[in-house]
Asks: 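Please find one structure pasted underneath; my questions will follow.
Keep in mind that this is a model prediction, so the values were computed, not measured. So that the names make sense, note that chain A is the first sequence line, chain B the second, and so on, each numbered from 1.
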Amino acid sequence: MTKDEHFEWLLWLADDALILAQRLSEWCGHAPVLEEDIALSNIALDLIGQSRAFYAHAGQLEGLGRDEDQLAFFRTDRDFRNLLLVEQPNGDFGDTIARQFFFDQFALLRFTHLAQQSFDTEVAAIATKALKEVRYHAAHSAEWMIRLGDGTEESHQRIQESVNRLWEYTGECFEPNSFQTAAEKANVLPHAESAHKEWLATITSILSQATLSVPNGTWMQKGGRQGGHSEHLSYILAEMQVLPRTYPDAQW
Amino acid sequence: MVNEAIQAIRKRLLDVMDPELPFLNVMEMGMVREIYTDGEGIVIQITPTYSGCPATDVIADDVLEAAQSIHEQSRIEIIRSPAWTTDWITEEAKKKMERNGIAPPSGQSADKAYLLGKERVIPCPRCKSAETLLVSAFGSTACKAHYQCKHCMEPFDHFKCI
Ligand SMILES: [Zn+2]
């Protein structure tokens with residue numbers, strides 16, 4: 001991989017985590033029960049921690065003096081490389097859980113691979129730690145999928161709608177694009193096609209436990225990896241970046 | 001001379017507490033790896049516990065301040081590999097947790113039992129009953145899960161195995 005590709009790879013990892021964390025933190029003080037308020041905020045905190053480590057590493061690699069804050073707060077939507085999935089609005093609690101469920105299962109596969117690759121030992125170290133955290137996240141979201149799917153008539157119907165609604169954003173996790181090809185060649189990301197199969201097998205098994213059906217749609221949204229985002233990202237960034245952009249030298 | 005300073009720093013770090021577990025110091029938590037000299041000064045290696053643990057920055061600042069009070073030319077190095085594990089918490093520290101109402105991490109760090117859906121038996125730190133219930137895997141801080149004792153009804157934190 002070239003240095004540009006190496007940097008790009010780190011942005012994928014960091015941006016996915018940061019944007020999802022920003023979304024999850026919107027639940028702080030608003031979740032349906034106290035335990036979930038704490039759980040979602042804790043998960044957001046883990047993700048922010050992961051993104052900080054990736055940004056700091058990316059900034060050092062780039063060598064232009066950009067630190068984690070520069071990369072998080074002073075890039076525009078076109079520069080962000082996150083999946084469209086993670087920028088989708090929180091919706092109701094079911095939408096948030098379904099989004100998390102799809103992402104956690106993807107993150108498990110990705111971090112397992114990242115922890116084992118030897119191209120970048122710093123990434124392997126961050127991933128080894130992140131993997132331990134993501135296992136807890138994945139257990140949490142899977143448990144909720146089953147609880148909601150196999151719950152009341154209303155919870156079943158609503159979580160199925162969430163699954164159907166978000167389905168078209170899952171393909172992007174395994175999108176075969178030119179960067180993915182380069183990353184596979186360098187063995188720094190799991191092989192898209194086989195990872196997609198593995199992901200689908202786990203998703204299918206958990207959804208079936210949840211008495212939910214797997215959507216059969218094959219048309220998938222894409223563009224996030226190339227900086228083509230939905231309007232949602234601009235609003236997320238506006239809120240997240242307003243303070244450092246207004247007071248660039250603010251310290252607290 | 002420098003070796004003496006390193007020894008003194010090691011001793012001083014016994015007074016640097018984890019802000020989220022104020023009865024435990026950073027050495028007991030297993031967060032301090034090597035302390036060495038590289039010619040420019042003394043380097044203290046710290047391994048973060050959780051990626052997003054807000055205490056990490058505070059701990060690094062406190063460790064630096066403690067070290068610099070002994071040797072001006074000291075600095076912190078964050079080491080992520082190998083990743084921190086609850087296996088590094090000393091046995092004495094685990095006993096202190098229990099005395100302070102927190103069920104300590106038990107067994108091996110790879111908490112596969114939980115991941116496979118089988119819940120571990122976490123005895124109540126108050127009455128030692130094994131009849132406890134996992135309320136939420138996410139507790140008051142990133143490192144803790146929330147339990148309740150079915151025997152004495154005490155709600156308590158369990159320091160998760162990672
Ligand atoms: Zn009890």
Asks: Report which part of A:E133 has an atom under 4.5 Å of a heavy atom belonging to chain B: side chain, backbone, both, or neither.
Replies: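 Only the side chain of A:E133 comes within 4.5 Å of chain B.
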Asks: Pick from A:R99, A:R23, A:R225: which one makes a salt bridge (charged side-chain N to carboxylate O under 4.0 Å, His left out) with A:D16?
Replies: A:R225
Asks: With a 4.5 angstrom heavy-atom cut-off, which part of B:T56 approaches chain A: side chain, backbone, both or neither?
Replies: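 For B:T56, neither part sits under 4.5 Å from chain A.
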Asks: Any carboxylate oxygen within less than 4.0 angstrom of a Lys/Arg side-chain nitrogen, looking at B:E4 and B:R10?
Replies: no
Asks: Using a strict cut-off of less than 4.0 Å between a Lys/Arg side-chain nitrogen and an Asp/Glu carboxylate oxygen, indicate whether A:R52 and A:D69 qualify as a salt bridge.
Replies: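 No salt bridge links A:R52 with A:D69.
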Asks: Would you mind checking which part of B:S81 comes under 4.5 Å of any heavy atom in chain A, side chain (CB onward), backbone (N, CA, C, O), both or neither?
Replies: both
Asks: Between B:K144 and B:E20, is there a side-chain N and carboxylate O pair less than 4.0 Å apart?
Replies: no
Asks: With a 4.0 Å cut-off, would you call B:E98 and B:K128 a salt bridge?
Replies: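 Between B:K128 and B:E98 there is a salt bridge, with a charged N closer than 4.0 Å to a carboxylate O.
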Asks: Heavy-atom distance under 4.5 Å to chain B: side chain of A:L45, backbone, both or neither?
Replies: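 Both parts, backbone and side chain.
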Asks: For the interface with chain A, which of B:A145, B:G139, B:P54, B:S136 has the highest count of heavy-atom pairs at distances below 4.5 Å?
Replies: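 If we count pairs closer than 4.5 Å to chain A, B:G139 comes out on top.
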Asks: Go through the atoms of A:H57 and report whether side chain, backbone, both or neither lie under 4.5 Å from a heavy atom of chain B.
Replies: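 Answer is neither: A:H57 stays 4.5 Å or more from chain B.
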Asks: Need one label for B:P48: side chain, backbone, both or neither, based on atoms under 4.5 Å from any heavy atom in chain A.
Replies: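 Only the backbone of B:P48 comes within 4.5 Å of chain A.
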Asks: Looking at A:W27 versus A:H30, is the centre-to-centre ring distance below 6.0 Å?
Replies: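 Centroid separation for A:W27 and A:H30: 6.0 Å or greater.
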